[in-house]
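Below you'll find the structure, written out as structure tokens, and then a few comments.
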Amino acid sequence: MKIREVFCKIIIEGVKEAFSGIEINEIDIERSVVFPAVGHADISSSIALRIAGRLRMKPSDVASKIAEKIKAKSPISGIETSGGYINASIDETIYGREVVAEVVGKGSSYGSAEIGKSEKVIIEYPSVNPNKPWLIGHLRNALLGDSLSKIFSFCSYSVEREDYIDDMGLQMAVLLYGNVGKPPEEKYDLFLGERYAKISKEIENSNAEEKVNAILKKMEENGSRENLEVRKIAEDCVMAQYQTAFLYGVQHDVLMFESDILKSGLFKKAMAMLDKNGMLKRPSEGKYSDCVVLDIGEGKVLVRSNGVPTYLAKDIAFHMWKLGLINEKFKYRKFITQPDGSIAYASSDNGEYMKFGGAKRIINVIGSAQSLNQNMLGEALMAIGAESGSIMHLAYGEIELKEGSLSGRKGEWLGEEVNYTADDLFYETRKRVDKLVEQSSKAGKRAGVEGAAEKVAIAAIKFEFLRIDPLKKVTFEWERALDLNASSGAYCMYMYARASGILDRTGGVELEKIDYSKITRGADFELLKLIGNADEIVKKACIELKPNVIAEYLLEISSAFSRFYETLPVITGGDSKNARVAIVMATKQIINNMLNLLGIEASERM
RNA sequence: GGGCAUGUAGCACAACUUGGACAGUGCACCUGGCUUCGGACCAGGUGGUUGCGGGUUCAAAUCCCGUCAUGCCCGCCA
């Protein structure tokens, strides 16, 4: 519902009529409009306060002068002023009808904001090396990327979800040096992680760094034994990692293997392009002698003195491809079929040409620790003509588990740091949710519902990871995540299930039969106001790259719905029944749509 | 030393980009409500010098300057 637009228009016209002499920015007016706290008004503008100074008038006089000129326009019913504010009330009958009609009409697309206009955006996540399992930090990355993909799709962008596989890094050479061998029965990524930790310790103790470097060089020779072997290990590892991804419902469109990028002509073209733009230096002395250096700030090595390119160099080349600054064609083959039936493709030299890459805009979900690198990358790309704003870095903070809270594997095999895998997190959560369900069914509160515990476990984790501003550090605590009341994913799911339950008993309602005049100015109207604001919320989440905006909104809706059915009975609502059923229908839809954006599946029963 | 980020009630968060009405929400704590559409609930209450100090403004959690605390980054690793 465009109530905000309607009100803005009224104010703009009012201001123009009242003060025709002065120039007023319409954006200022739009920014002055808010939905104030209960008690003042339904919608309000502070524009009089903002321009009073320029007019050399008292704000309250400015407000009254504007208000005099304003003609209320449906669904805005009344205008009054208060201390410089221009306040309006909304007609709940008309507004309720419009919101309900829109939600029912649009269904699962209600709340979408058409700001993307089919523009292509590539979202890259989760950047896990193919030598270990997903840890909880990688999980936060993946969940952010997954949710962001959904939000951008919802905003009518054409989203390409991409997974970059670094199968040519030093960590892979380390594995080759130690001779990986075959795993017994363990999950392959876990097995590799453990092997990797052991082998790196061996290397450290025996000063074998040079041998590892030699392997690294051989790995890069196309078709060499090392080259083939390392690709096999990487693919097997990614396969295992995707079991974890699917557990959490995380999916991709394409996997780009670094080895394929190196084989292509992409890197050479990229270096030539940088050179042409005067971005490269080749110092013959000093600390960077015999290297190729990126000429930004104090400089950054792109090609080492032994001729091997660095990570940043490869990343720059890759991003030129992502942005379509270089047209390099890659071949792809089917990698894996995902839970929703879609196929994730992988770059490969024995596949077919497909159209990936070449987006107007790219988003990299990468830890805030890499901000410096991402800035360098951005600067280099701008220097050769990338549009400003075309590359965005969603930097996210670390995630830690509160001490002693996971009974699973501690992950000391990853080095000294204690860490946990995303798999362990899931199984532990699942176990705890089962216990909670068991306790509450023993207490006679409810019967356990088949399959619900798993959904609740996933929802609890996702909501806990996504409810916080990405930039901030997250400390995962069981007591909070598994507190299934307000402020949790389970609470939102519960409200959805309640709405379903009510609709089961009432059987829905035909739109034509609804008597909207039965909408009161109570909890029903408060709920409708929230529901009507969905597209603004979604837009904000999209523009600011913040899924937590959606989580916040979901909690508000859920809590408003709870207040609604507590105070206004639906089934026994008499004349008001139909209108209330319609509100329940709208609520169910909006909760479903918003949960989807967080990657959480709602269920009818739990 | 330089750069980036964070600092809001006992705890966890929101509002900061775009300055506006008493700084919102949940947990915890206190009080009340289940023969009433599923109590994983609701109503009410206690709790805040928005790290600190200046400045700009009619108006500052929000903008500017300074300062303190915490975290991260500053490699021919990725």
Side-chain angles (χ1 to χ4, degrees), chain A residues 27-28 30-32 34 36-37 39-41 44-50 52-53 58-59 82-85 87 127 129 166 168-172 213 258 287-293 297-298 300-312 314-315 367-373 375 395 397-398 436-437 440 445-447 456 464 467-469 471-475 477 479-480 483-488 490-491 493-495 497-506 523 540 543-544 548-549 551-552 555-556 559 562-563 565-573 577 580-581 584 605-606:
Chain A
I27 291 173
D28 279 342
E30 274 159 36
R31 284 175 182 161
S32 78
V34 292
H40 296 292
S44 165
S45 167
S46 62
I47 191 65
L49 287 157
R50 293 175 188 230
K58 273 162 72 180
S82 155
Y85 290 90
N87 293 331
S127 324
N129 283 336
D166 184 2
M168 283 285 123
L170 200 67
Q171 77 280 355
M172 301 311 281
N213 273 325
E258 183 168 281
K287 64 173 176 171
Y288 292 145
S289 77
D290 297 325
C291 296
V292 179
V293 177
E298 287 169 31
K300 195 88 188 166
V301 173
L302 294 184
V303 182
R304 303 178 179 99
S305 51
N306 66 3
V308 179
T310 62
Y311 173 80
L312 180 63
K314 292 181 276 190
D315 216 23
S368 59
Q370 304 233 33
S371 290
L372 192 69
N373 262 296
N375 287 345
E398 289 165 30
L436 286 175
V437 171
S440 75
K445 282 183 184 165
R446 78 193 67 254
V456 170
E464 189 61 15
R467 62 178 256 269
I468 291 165
D469 189 320
L471 258 180
K472 295 193 181 176
K473 199 166 78 178
V474 170
T475 307
E477 264 180 90
E479 294 116 51
R480 200 172 42 245
D483 185 351
L484 304 182
N485 57 32
S487 207
S488 75
Y491 173 74
M493 287 173 78
Y494 177 68
M495 288 307 155
R498 284 297 300 263
S500 299
I502 293 171
L503 291 178
D504 278 352
R505 285 167 147 260
T506 57
K540 183 178 159 122
I543 291 168
E544 296 181 8
N548 61 309
V549 169
E552 191 87 12
L555 289 174
E556 278 182 38
S559 146
S562 185
R563 240 167 283 138
Y565 73 65
E566 198 80 22
T567 50
L568 303 167
V570 178
I571 294 170
T572 57
K577 181 177 165 186
R580 290 179 189 166
V581 170
V584 177
R605 307 263 173 282
M606 59 188 282

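Proteins come first, then strands; the chains are lettered A, B, ... in the order of their sequence lines, and each starts at number 1.
Residue-level contact check: L372(A) touches the backbone only, with heavy atoms under 4.0 Å from sugar-phosphate atoms and none from bases. Here S45(A) lies out of heavy-atom contact (under 4.0 Å) with every strand. Heavy atoms of Q370(A) sit under 4.0 angstrom from at least one base atom. Using a 4.0 Å heavy-atom cutoff across all strands shown, S32(A) reaches no nucleic acid atom at all. When heavy atoms are screened at a 4.0 angstrom cut-off, N213(A) is found touching no nucleic acid atom at all.
Remark: Y288(A) pairs with no residue by the ring-ring contact (aromatic ring centres under 6.0 Å, His included) rule, at least two apart or across chains. Every side chain to side chain donor-acceptor pair (under 3.5 Å) that S500(A) has, sequence neighbours left out, goes to E604(A). Applying the side chain to side chain donor-acceptor pair (under 3.5 Å) test to N548(A) and every residue at least two apart in sequence or in another chain returns nothing. Partners of R304(A) under the salt bridge (charged side-chain N to carboxylate O under 4.0 Å, His left out) rule, at least two apart in sequence or in another chain, do not exist in this structure.
Nearest-nucleotide assignment on RNA chain B puts the 5′-proximal partner with I502(A), out of C291(A) and I502(A).
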| query | Once each nucleotide of nucleotides 11-18 of chain B is scored for protein heavy atoms under 4.0 Å, what B/S/- sequence comes out, 5' to 3'? | reply | -SSS-SBB
Name the pairs: protein N/O against N/O of nucleotides 60-63 of chain B, kept only if under 3.5 Å.
none

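At C76(B), one or more side-chain N or O atoms of Y288(A) fall inside 4.0 Å of OP1 or OP2 (strictly under the cut-off).
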